[in-house]
Amino acid sequence: MPLRLSQTLRAALSASDRPLAGIWVCSGSPLVAEICAGSGLDWTLIDMEHAPHSLESVLAQLQAVAAYPITPVVRVPGNDPVVIKQVLDLGAQNILVPMVSSTSDAEAVVSAVRYPPRGQRGVGSALGRSARWNRVDGYLADADQHVSLFVQIETAAGVDAAAEIAAVDGVDGVFVGPSDLAASLGVLGQQTHPFVVDAVHRAFAGVRAAGKPVGVNAFDPVAAQSYLDAGASFILVAADVSILARGSEALAARWSRTDDLPAPRASY
């Protein structure tokens, strides 16, 4: 029986008349991913870079959120064509690749998500969930339509090259990471430092000049709104683990002795 796949983040952004708001899923739990998927948010990021996600847990989370009107994105650990191939074959239609700082980085990522002759993605559609075990008609020929690729700029060099990175054929959008960008700029842990905010705005300008959508991570509501006002098309505003951490701390502050607890930390 022929099957149809869900729309990509690229398509969702193109069709939307407003910015898309999302949440990180870092717990590794399919149950938590499903709870987040039913929240009413637009997209969710399953993070393999800094969270305890295996291929098996990513698969379980993709399956858990599939029944809900939310667009899942998987952030792979890095620009590794083998891991990218595996994640795509799990059925991930939207990939975010961190630490892309040059056009050569971006071109390598594009090659990893495209089949030959345009790239180097290994062919396993008959064996993988990506093509629903060959139940999606014409998957190989139309694979580029079923996959969207976003790259993450999070270094000073990446900001300087933002326009060129975004212009690479096959890059569907750019996501800016203020946390690592702060480290790259010498202000580790200060995501709202003026140096960082200025760099984010410069990255926005470069990406938008190339005609591509740009997104950003911002857990601080004031920072998030300012980035939306500056033209962000998609944004991450919280994480499952941060909601649980801050929420449980608030409960402890009200109902438990807190003399020995550390002072509350920033949300991101």
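Atoms considered below: every heavy atom in the structure, side chains included; atoms not considered: hydrogens, waters and symmetry mates.
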| Taking 4.0 angstrom as the limit, do Asp198 and Arg202 come out as a salt bridge? |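 Result for this pair is yes, salt bridge flagged.
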| query | Hey, is Asp169 close enough to Arg114 for a salt bridge, meaning N to O under 4.0 Å? | reply |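 Yes, this pair counts.
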| Parallel, tilted or perpendicular: which describes the rings of Tyr227 and His201, with under 30° parallel and over 60° perpendicular? |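 Geometry flag for His201 against Tyr227: perpendicular rings.
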| request: Determine, step by step, whether Phe234 and Leu13 satisfy the side chain to side chain contact (heavy atoms under 4.5 Å, CB included) criterion, reporting the C-alpha distance in whole Å, the side-chain angles of both residues, the deciding distance to 0.1 Å, and the verdict. | output: CA-CA 8 Å; Phe234 58 114; Leu13 287 167; 3.9 Å; yes
Does atom [atom1] of [X] have more than 12 heavy-atom neighbours from other groups under 6.0 Å away?
X      : atom1 : result
Leu188 : CG    : no
Tyr115 : OH    : yes
Arg208 : CZ    : no

| Considering residues at least two apart in sequence or located in another chain, which fulfil the side chain to side chain contact (heavy atoms under 4.5 Å, CB included) criterion with Ala166? |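 Side chain to side chain contact (heavy atoms under 4.5 Å, CB included) check on Ala166 returns Val174, Val207, Ala210, Lys212.
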| request: Report whether Ile46 and Val237 are members of the same hydrophobic cluster (ILVMFWY, side-chain heavy atoms less than 4.5 Å apart, transitive linking). | output: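 Yes, because Ile46 and Val237 connect within a single hydrophobic cluster, where side-chain heavy atoms sit under 4.5 Å apart.
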| Going only through I, L, V, M, F, W and Y residues with side-chain contacts under 4.5 Å, is there a path from Leu55 to Val58? |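 Leu55 clusters together with Val58.
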| Between the side chains of Asp172 and Ser148, does any donor sit under 3.5 Å from an acceptor? |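 Side chains of Asp172 and Ser148: no pair found under 3.5 Å.
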| field | Pair Asn217-Trp24, side-chain donor/acceptor within less than 3.5 Å | value |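 A pair is found: one side chain offers a donor N or O, the other an acceptor, under 3.5 Å apart.
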